[in-house]
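Being a predicted model, the structure only gives us computed values, none of them experimental. Note on naming: letters A, B, ... go to the chains in the order of the sequence lines (proteins, then strands), and numbering restarts at 1 for each one.
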Amino acid sequence: MSHNTIHWFRKGLRLHDNPALIAALKDCRHIYPLFLLDPWFPKNTRIGINRWRFLIEALKDLDSSLKKLNSRLFVVRGSPTEVLPKLFKQWKITRLTFEVDTEPYSQSRDKEVMKLAKEYGVEVTPKISHTLYNIDRIIDENNGKTPMTYIRLQSVVKAMGHPKKPIPAPTNEDMRGVSTPLSDDHEEKFGIPTLEDLGLDTSSLGPHLFPGGEQEALRRLDEHMERTNWVCKFEKPKTSPNSLIPSTTVLSPYVRFGCLSARTFWWRLADVYRGKTHSDPPVSLHGQLLWREFFYTTAVGIPNFNKMEGNSACVQVDWDNNPEHLAAWREARTGFPFIDTIMTQLRQEGWIHHLARHAVACFLTRGDLWISWEEGQKVFEELLLDSDWSLNAGNWQWLSASTFFHQYFRVYSPIAFGKKTDKHGDYIKKYLPVLKKFPTEYIYEPWKAPRSVQERAGCIVGKDYPRPIVDHEVVHKKNILRMKAAYAKRSPEDKTINKGEKRKASPSIKEMFQKKAKR
DNA sequence: GTAAGGTTGTTGCC
DNA sequence: GGCAACAACCTTAC
């Protein structure tokens, strides 16, 4: 049978290692590569302007790659459950393919869509390619329990064998006998909108440091993989949070949108490692991909993963409600130059180093301001190009010592931490020009500078740059005691998500489909 | 029940 | 630059 197929792009904005797309082209007459601008996302999540730009660029790149295969991308605005049935009818669709997405909204959306597809007699083929492994299987292989430590996850996936090898992008050979019906008004009806078309305010767009798209992703991957010595020696904790040129790969935004396949990344690293001495997980680059896998797994296994309440793995903390402090943190005016610099870089450029994320996350939550990690999660969701539902929630829980990480007495100093890798404060001077003339001695704590020094630097603390909003020395000690109290309140059954019976079986979309297909 | 280990803390001393 | 002390959490493995 010759199918009319929609391949629905959501994440996975790429042609390489895209098994659902390859499946779409099999026994296919007409292929419709589709992207839906689902209003649910801007309504229920935060998408900053830099993230929008990255997405639009990724779509443009996809369209240009599809053109080379004599196809095009169809961009349609509207909710999937409304748009897809119309397209099923209009295009006489018999098959729908897409990449599995484990986020809660995606899961419920896809279940609805699969129900509709059945009504319309459309066959559905979901494929796993966003993660290294089938996340449901990781939990199954761990006796139905969510792995709560990285070491546990490592031993589970080790027993599962290597991640699958990536598959190549479709070629003109794969496209033989397959066509995309295009109308003369394709651009008007299905073209990729500009940021202006979407009614977005582009005045706060930052410098264009990380253009979106698969081609850019693969180019950057090649560039980094050529640095074999650097790749083999990579140890995450030893990279610098405040170097002027990123000390890590910054491939995360590309992996987030699926412009780069995690499996492609994994196997390219394996090629570099082969026959050489190299670092290992958790600190190696392979280790970083496994951290991603870890948080994807816990996000599936732990209900209410992006919240404190109703999240049984999460320590329940009496966080303060302090809108002034929250705004100061978000808007880079805490009075701590290291913190304000990181928040400035985040807002302008959409990326900050992992350890810089640690510093500002600790500061907002258990370190200084005692504000809920959920508030920080919202800000990162908006501003980080690589912000991802599972990873964002997981890392905020980690840093706030709410879940996974429990050594709450280890507190980052907003003054000392940055000095380790940037003694002179060059990073601060780059992003906070108001402090540019401050002598090195006071760059991390300008409020300590004598008045004459402040005057010479052309920056009076309290007037041109804020005074620190808290006394770190006092407040961090107090907060350690508050954490101690929060931990003491935990009842024994709070202490582990896996106490009691196994996680009730909730079959993945792929498994549901397989079960249906067998009938 | 206990010991070991946990990506990535800070300070002060040598 | 290395090391101990600081205070002491959790999960896992035995």
>> Just to verify, which of A/Lys111, A/Lys11, A/Arg10 counts as forming a salt bridge (charged side-chain N to carboxylate O under 4.0 Å, His left out) with A/Asp101?
In response: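 Only one of A/Lys111, A/Lys11, A/Arg10 forms a salt bridge (charged side-chain N to carboxylate O under 4.0 Å, His left out) with A/Asp101, namely A/Lys11.
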With the side chain of [X] defined as its heavy atoms from C-beta on, choose the nearest nucleotide among [options].
X	options	answer
A/Pro237	B/dT10, C/dA8, B/dT7	B/dT7
A/Arg152	B/dT8, C/dT12, B/dT7	C/dT12
A/Met148	C/dC9, C/dT11, B/dT11	C/dT11
A/Phe409	B/dT11, B/dT7, C/dA7	C/dA7
A/Tyr487	C/dC9, B/dT10, B/dG6	C/dC9
A/Trp398	B/dT8, C/dT11, B/dT11	B/dT8
A/Gln407	B/dT7, C/dC9, B/dG9	C/dC9

>> Using a heavy-atom cut-off of 4.0 Å across all strands, would you classify A/Ile151 as base, sugar-phosphate, or nothing?
In response: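 Here A/Ile151 touches the backbone only, sparing every base.
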> Roughly how far, to the nearest 0.5 Å, is OG1 of A/Thr146 from CZ of A/Phe294?
Replying inline: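 Going from the CZ atom of A/Phe294 to the OG1 atom of A/Thr146 covers 9.5 Å.
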>> Roughly how many Å apart are B/dT7 and C/dA13, using the P atom of each and rounding to a whole number?
In response: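 After rounding to an integer number of Å, I get 13 Å for this pair.
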>> Should A/Tyr408 be counted as stacked on C/dC9, where stacking needs a ring-centre gap under 5.5 Å and an angle between planes under 30 degrees?
In response: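 Here A/Tyr408 fails the 5.5 Å or the 30° condition.
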>> With a 4.0 Å cutoff (strictly under), does any side-chain N or O of A/Lys420 reach OP1 or OP2 of B/dT10?
In response: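 Checking A/Lys420 against B/dT10: at least one side-chain N or O falls below 4.0 Å of OP1 or OP2.
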